[in-house]
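Worksheet: the structure to be examined is printed underneath.
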Protein chains: 2
Amino acid sequence: MYRLCHPGDGEEAPDLPHGIVKRKRTLKRGETLYRAGEPFRNVYAIRYGSVKTSLVTDDGRVQVTGFHIAGELLGLSAIVTGRYNCEAKALEAAGVCEVRFDQFGELSRQLPSLQYQMLQIMSQELLHNQELMLLLGKKNAKERLATYLLNLSQRFEKRACSYTRFNLTMSRSDIGNYLGLAEETVCRIFSLFHEEGLVTTRSRQIQLNDLDRLKAIARG
Amino acid sequence: MYRLCHPGDGEEAPDLPHGIVKRKRTLKRGETLYRAGEPFRNVYAIRYGSVKTSLVTDDGRVQVTGFHIAGELLGLSAIVTGRYNCEAKALEAAGVCEVRFDQFGELSRQLPSLQYQMLQIMSQELLHNQELMLLLGKKNAKERLATYLLNLSQRFEKRACSYTRFNLTMSRSDIGNYLGLAEETVCRIFSLFHEEGLVTTRSRQIQLNDLDRLKAIARG
DNA sequence: AATTAACATTGACATATGTCAACCATTCCG
DNA sequence: CGGAATGGTTGACATATGTCAATGTTAATT
């Protein structure tokens, strides 16, 4: 499978012409990659670390729209308006490849598979969004959190990371915000899952002890 | 702007080679265009009428994921898996252009703008999904319904239809389902808006009497 | 290492919205 | 046209989750 940028420890990805097209960039925890309203120039492939994206409404409410980890692509929803509609912020030290979008047309003539790949990525994101709609529209708090944990788990699995034990780089408040729940509700459900032996949490470290039961909960 | 298929009364769109690439199809009210799990072969451009898409969970819960009107494109989230993940059903008599997806690669070599167009459309959809996340995650019932009505209004406006007076082709139950609300709640809010003179409803006909105030409500 | 700030947890209580039920209005179809 | 089916409305009441507040814990900073 074609990759815009290989996630990993920092070796240069061989797929694209060097230099012009992509540029590496590192972010400290809390640093902003782009803000809502800024002109759209680049998409970003995450090499390592994690990034959250969020929208702000006129009246100041915030909606976290996603958490993104190594191998994922950021900024695609900005294509249509030419401006980023959300802001992207590093949740921990992170590295990204900056890919200039205005060179995409050119690039995909040289590399026809890129076009196909792009459709795949965007389609994947649409699919994910639909699952999220289901979560936000129809699931209760337990189901939401279980679904969330399993989704993270799967994404780590794809990236050859441990999928039963990982670090939640986002705060409870971020999780709640993303899932349409209050921070306190997230805490309570974590405690509940902990009591029932489903997960073991120590601060932001989490271990999933019973994937099957979690799946059953996620389904309802 | 390039169009896959011109919405309207049925004249053949001149943009694409006839025949091979696209085929017209008409649907009666309630008829299914595709079902979840079916192999993905086509995307569909709606020429007239309206279509709803919905997901079903293992335990039988349904989530309406969208309502689609003339000029909009259906099926893009199926690209990545090769199967439709939701089902699409006509809300009223409708006409669509069927566009074979396996000819897209070929086609966009002939018509380079198509590729660009495709990115635009998908990006637009991602953007819309994010607004929906905000709605489902952060807005209360009144805000949701106001947002919904305004969104429909805007889409009709783009298509040169009346944007203050239109027909809701979907049931209250569908609207509620889509917005993460009970059918009864939707009814109550409609009644409330009606009492306050914001809208005039007679069954499924609706007239928006005060867009500005609706906008204020939608924002919170 | 001590101090401070940010984050997490838990309890008590409030409330928006869901659920259940009865009834009314439209639309569909023979 | 009439009767049945589907869809819409309203009320009474239940409840999941939010809000507010107090306290504990972890991480950042000097």
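No experiment lies behind these values; they were computed from the predicted model shown. Chain A is the first sequence line, chain B the second, and so forth, proteins listed ahead of strands; every chain is numbered from 1.
- Other residues, nucleotides and ligands place more than 12 heavy atoms under 6.0 Å from the NZ atom of A:Lys138.
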For this session: Would you give a per-nucleotide map of nucleotides 25-30 of chain C, 5' to 3', where B means the base has a protein non-hydrogen atom under 4.0 Å away, S means only the sugar-phosphate does, and - means neither?
Result: ---S--
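- Every salt bridge (charged side-chain N to carboxylate O under 4.0 Å, His left out) that B:Lys52 has, sequence neighbours left out, goes to B:Asp174.
- Residues forming a side-chain hydrogen bond (donor to acceptor under 3.5 Å, both in side chains) with A:Asn129 (at least two apart in sequence, or on another chain): none.
- In this structure, the salt bridge (charged side-chain N to carboxylate O under 4.0 Å, His left out) partners of B:Arg61, at least two apart in sequence or on a different chain, are A:Glu143, B:Asp59.
- Side-chain contact annotation: A:Lys139 with A:Thr147, donor-acceptor N/O pair under 3.5 Å present.
- Separation of the A:Tyr163 and A:Phe156 ring centroids does not fall under the 6.0 Å cut-off.
- Side-chain contact annotation: A:Arg155 with A:Asn151, donor-acceptor N/O pair under 3.5 Å present.
- End-to-end axis angle of the helix from C:dA1-D:dT30 to C:dG30-D:dC1, using five pairs per end and rounding to 10°, comes to 60°.
- Between A:Glu72 and A:Arg159 there is a salt bridge, with a side-chain nitrogen of the basic residue lying less than 4.0 Å from a carboxylate oxygen of the acidic one.
- At a non-hydrogen distance threshold of 4.0 Å, nothing from residues 166-175 of chain A comes into contact with DNA chain D.
- Taking B:Phe101 as the reference, B:Phe40, B:Phe104 meet the ring pair (Phe, Tyr, Trp, His ring centres under 6.0 Å) condition, with sequence neighbours excluded.
- Checked against salt bridge (charged side-chain N to carboxylate O under 4.0 Å, His left out), A:Arg172 has no partners two or more places apart in sequence or in another chain.
- When all heavy atoms are compared, the tightest approach of B:Leu145 to B:Val186 is CD2-O, 4.1 Å.
- Sequence neighbours left out, the pairs with a member in residues 200-216 of chain A that pass salt bridge (charged side-chain N to carboxylate O under 4.0 Å, His left out) are A:Asp210-A:Arg213.
- Remark: B:Glu92 pairs with B:Ser50 by the side-chain hydrogen bond (donor to acceptor under 3.5 Å, both in side chains) rule, at least two apart or across chains.
- Interface residues of residues 184-196 of chain A facing DNA chain C, ordered by number: A:Glu184, A:Cys187, A:Arg188, A:Ser191; criterion, heavy-atom separation under 4.0 Å.
- Residues B:Thr65 and B:Thr53 bring a donor and an acceptor atom of their side chains to less than 3.5 Å of each other.
- Counting non-hydrogen atoms under 4.0 angstrom, B:Gly176 reaches nothing in the nucleic acid.
- Across all strands shown, B:Gly30 has no heavy atoms under 4.0 Å from either base or sugar-phosphate atoms.
- Scanning DNA chain D 5' to 3' for nucleotides with an atom closer than 4.0 angstrom to a non-hydrogen atom of chain B gives a first and last hit of D:dG7 to D:dA12.
- When side chains are defined from C-beta on, B:Leu55 does not count as touching B:Glu87, because their heavy atoms never get closer than 4.5 Å.
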